[in-house]
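So that the names make sense, note that chain A is the first sequence line, chain B the second, and so on, each numbered from 1. Quick caveat, the model's predicted, so the values are computed rather than measured.
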Amino acid sequence: MSINTNLIKDGFTLEDILRDTLESNYIDDSYYAKLRNDMDEWEGKGTVLNEEERQAYESLIIHENWLLDRRAFEQWYQLYSRECVYWVPAVGELPDAERADPQRQVTIAFDDRRRMGDRIVWLRTGVAYSQLPPSYTSHVSASFVRLPTEKEGEIKIRSQFIVQEMRGGHAIQTFSGWMGHVFVEEGGVIKIDRKVVCLLDAPRNHHNLTFLL
Amino acid sequence: MNIITTSESSFGHLIEEGRVHRTLYTDTDIFRLEMSRVFGGTWTYLAHASELPKPNDFVRKKLGLRPVIITRDREGKFHGLLNRCTHRGATICRQDEGNARRFTCPYHNWSFTNTGELAAVPLEEGYGPSFKKEELGLGKLRVESYRGFIFGTLNKELPDLKTHLGPSAELLDEWLDRWPGAELQLRRGQTRFTCAGNWKLIYDNAADGYHPGYSHASLLRMRKDRYGGGVDMQWALGNVDEGLQTVSDCGNGGTFIDQRAEIIRYWDQSAPMPGEGPYERIISEKMGDKADAALDVVMGSGMNINIFPNLLIIGNQIQVIEPQSVNKTNINWYATALVADDLPDEVNSLRMRLQEDFPSFGEPDDLANFEECQAGLEIEEVEWIQTGRHMDTGKEYIGAKGMLSGPVSDELPLRVFWKEWQKRIEQGNTGGTK
């Protein structure tokens with residue numbers, strides 16, 4: 001094993017991820033249709049969260065931010081459902097179902113569960129020179145609202161974010177925009193099924209976006 | 001040794017057999033000359049026809065540091081116009097793309113046709129007999145295209161584009177004709193990088209068959225640890241010179257890496273991509289005995305075609321180098337789709353995902369290394385960069401299409417680049433606008 005293992009208790013280890021989801025079997029036309037429908041729904045008018053929603057969803061997004069800032073990628077991976085997507089469009093002026101359509105456009109990141117695993121294994125190889133030294137981030141999320149959705153059993157939460165990133169030898173970079181989280185229940189646990197990160201400067205040139213947003 | 005970088009006419013002392021001087025990458029005066037004489041002094045890639053498909057479409061681009069507009073007139077002919085009002089100098093086009101018969105300068109509303117003629121001036125009676133409207137059209141580039149690739153130059157003495165491209169034109173044919181009759185289309189989504197390094201570090205790397213096993217160790221190790229051997233870029237491992245890849249000199253600064261002999265079955269050797277299972281099944285059902293061929297065009301071509309000074313065709317992507325300053329470069333990766341009546345669009349659903357793979361797990365590590373090159377090259381005391389690998393090992397030969405060729409780690413492409421660079425920078429851009 002050439003990977004630098006970093007065992008984290010109570011979470012998936014890198015060993016777990018290496019064996020998990022080695023095929024890509026759920027991204028198809030209906031999944032892309034779901035993402036286009038999401039984009040339409042993100043346009044809607046949100047309502048601020050009630051106490052119960054804050055406890056369930058806002059706290060999970062804050063926890064996700066914390067895990068990313070701690071570089072606890074194996075635990076972060078565990079927050080996601082079996083048929084999840086982590087998606088960072090490369091076009092601006094979103095939400096817009098047509099402009100953003102990932103079936104027709106390349107993106108900054110479009111990770112199904114398998115590619116998400118690839119990304120974590122890649123980050124942990126110790127020879128990804130774009131992450132040597134690694135990036136440290138500070139995620140701040142605010143303005144949480146719940147969006148109405150026609151999909152039964154799904155909860156849609158939109159929020160605004162600012163992420164600062166610091167990497168040895170480089171100036172601190174600041175990213176901002178909005179995120180959409182779609183939550184589902186899986187085995188009695190609330191999981192992130194789909195996350196879209198819409199950067200303010202998505203269509204511009206970026207200097208090293210190899211860390212997770 | 002005290003090196004004088006800009007005598008403006010001679011650069012031979014900076015380009016020696018087997019090595020070049022570090023200041024070629026760090027000197028701002030040299031950069032300024034490059035932007036005038038290299039970008040624009042030869043056929044320089046501007047845009048792809050599919051970015052402006054309809055009459056009167058336009059896109060905004062750069063020729064070196066010059067803002068330019070590429071237009072398609074109502075007859076479908078391409079034009080390259082300098083984006084500068086001939087009145088007081090403001091740029092007249094401020095959108096990346098659109099459709100317009102005329103461009104009107106927002107400052108005083110001078111208005112130009114999309115072929116560059118000055119069409120209207122407000123309150124024209126304020127100008128006397130010395131005012132020559134016909135002489136105040138926009139600056140015009142010489143523009144030609146080859147199979148959708150639009151190039152421009154300020155050099156009136158260059159031969160036509162196809163002659164200039166030489167064997168690169170045939171290589172483009174091979175790259176484009178993997179699915180005969182298919183039209184190549186650029187998509188709106190692009191992977192746009194910026195790198196704190198000189199633009200030539202990117203060109204140098206595009207035909208560098210020496211680096212992948214090392215600079216891309218993270219990608220190769222991740223693949224091996226998760227999927228075992230057999231997928232994606234395995235030819236980068238071990239002694240690459242004992243493998244089947246080659247590098248070649250395409251003339252006029254163009255270079256070529258050919259990986260095709262290493263690829264037995266494109267689809268089987270592809271990198272993983274989201275949606276692989278479902279779309280493989282659909283393509284197989286739809287295409288029957290042509291399914292293998294359709295799946296193979298999902299994967300990159302196994303060809304790196306580099307056209308001096310700014311166009312790098314790698315895999316299925318079109319990369320364009322946009323220098324910003326001596327130590328800052330934008331690299332734009334345009335994703336491509338293949339459109340044909342006899343090719344299902346599911347191929348493109350996979351192509352989009354596959355074209356995210358190398359930008360995620362490969363290119364960032366190269367860019368990090370280029371930035372460290374730039375940092376190292378700032379050291380005055382260590383002056384030279386080595387370009388001599390396989391220069392004198394007797395391994396070079398005349399290969400396909402009459403091109404001088406060598407084993408894949410040969411630094412022939414660097415030597416080819418510098419020969420052309422020196423020719424262009426010492427000649428000026430010969431001509432100015434049409």
Region of [X] that comes under 4.5 Å of a non-hydrogen atom in chain A:
| X | result |
| --- | --- |
| R351(B) | neither |
| P364(B) | both |
| Y214(B) | backbone |
| Y279(B) | side chain |
| E276(B) | both |
| E371(B) | side chain |
| A337(B) | neither |

**Study point:** Interatomic spacing from CD in Q173(A) to CG in D201(A) - rounded to 0.5 Å
**Key:**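 If we round to the nearest 0.5 Å, Q173(A):CD and D201(A):CG are 9.0 Å apart.
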Choice from [options] maximising heavy atom contacts with chain B below 4.5 Å:
| options | answer |
| --- | --- |
| R119(A), Q131(A), R204(A) | R119(A) |
| P203(A), S130(A), A109(A), P102(A) | S130(A) |
| L22(A), V85(A), I17(A), V91(A) | L22(A) |
| A202(A), G117(A), A100(A) | G117(A) |
| D28(A), D101(A), L209(A) | D28(A) |
| L132(A), D29(A), L123(A), T210(A) | D29(A) |

Point to revise | K34(A), NZ: over 12 other non-hydrogen atoms inside 6.0 angstrom | key: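 Yes, NZ of K34(A) has more than 12 neighbouring heavy atoms, counting only those of other groups under 6.0 Å.
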Quick test of your reading of the model: are [X] and [Y] salt-bridged, counting only N-O distances below 4.0 Å?
| X | Y | result |
| --- | --- | --- |
| E74(A) | R124(A) | yes |
| R99(A) | D96(A) | no |
| D20(A) | R82(A) | yes |
| E41(A) | R158(A) | no |

Check your understanding: When only pairs under 4.5 Å are counted, which of I331(B), T191(B), N330(B) shares the most heavy-atom pairs with chain A?
Key ->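 Ranked by contacts with chain A, first place is N330(B).
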Practice item. Just give me the residue among A368(B), G277(B), G275(B) that pairs up with chain A most often, heavy atom to heavy atom, under 4.5 Å. Key: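 The answer is G275(B).
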Check your understanding: For residues D112(A) and Y86(A), is any side-chain donor paired with an opposing acceptor at under 3.5 Å?
Key ->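 Checked: D112(A)/Y86(A) side chains show no N/O donor-acceptor pair below 3.5 Å.
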Exercise for review: Answer with yes or no whether the side chains of H216(B) and D366(B) bring together a donor and an acceptor at under 3.5 Å.
Suggested key: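 A pair is found: one side chain offers a donor N or O, the other an acceptor, under 3.5 Å apart.
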Review point. Y32(A) versus chain B, heavy atoms under 4.5 Å apart: side chain, backbone, both or neither?
Key: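 Contact with chain B involves the side chain of Y32(A) alone.
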Exercise for review: Please look at E23(A) and chain B and tell me whether the side chain, the backbone, both or neither of the residue comes under 4.5 angstrom of a heavy atom of that chain.
Suggested key: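 No part of it gets close to chain B.
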Review point. With ring centroids as reference points, do W199(B) and Y25(B) lie under 6.0 angstrom apart?
Key: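 W199(B) vs Y25(B): aromatic centres not under 6.0 Å.
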Exercise for review: Over 60° means perpendicular and under 30° means parallel, so classify the ring planes of W333(B) and F193(B), tilted if in between.
Suggested key: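 If you compare the ring of F193(B) with that of W333(B), the planes turn out perpendicular.
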Practice item. Determine the interplanar angle of the F183(A) and H181(A) rings, folded into 0 to 90°, and report it as parallel if under 30°, tilted if 30 to 60°, perpendicular if over 60°. Key: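 It falls in the parallel class, under 30°.
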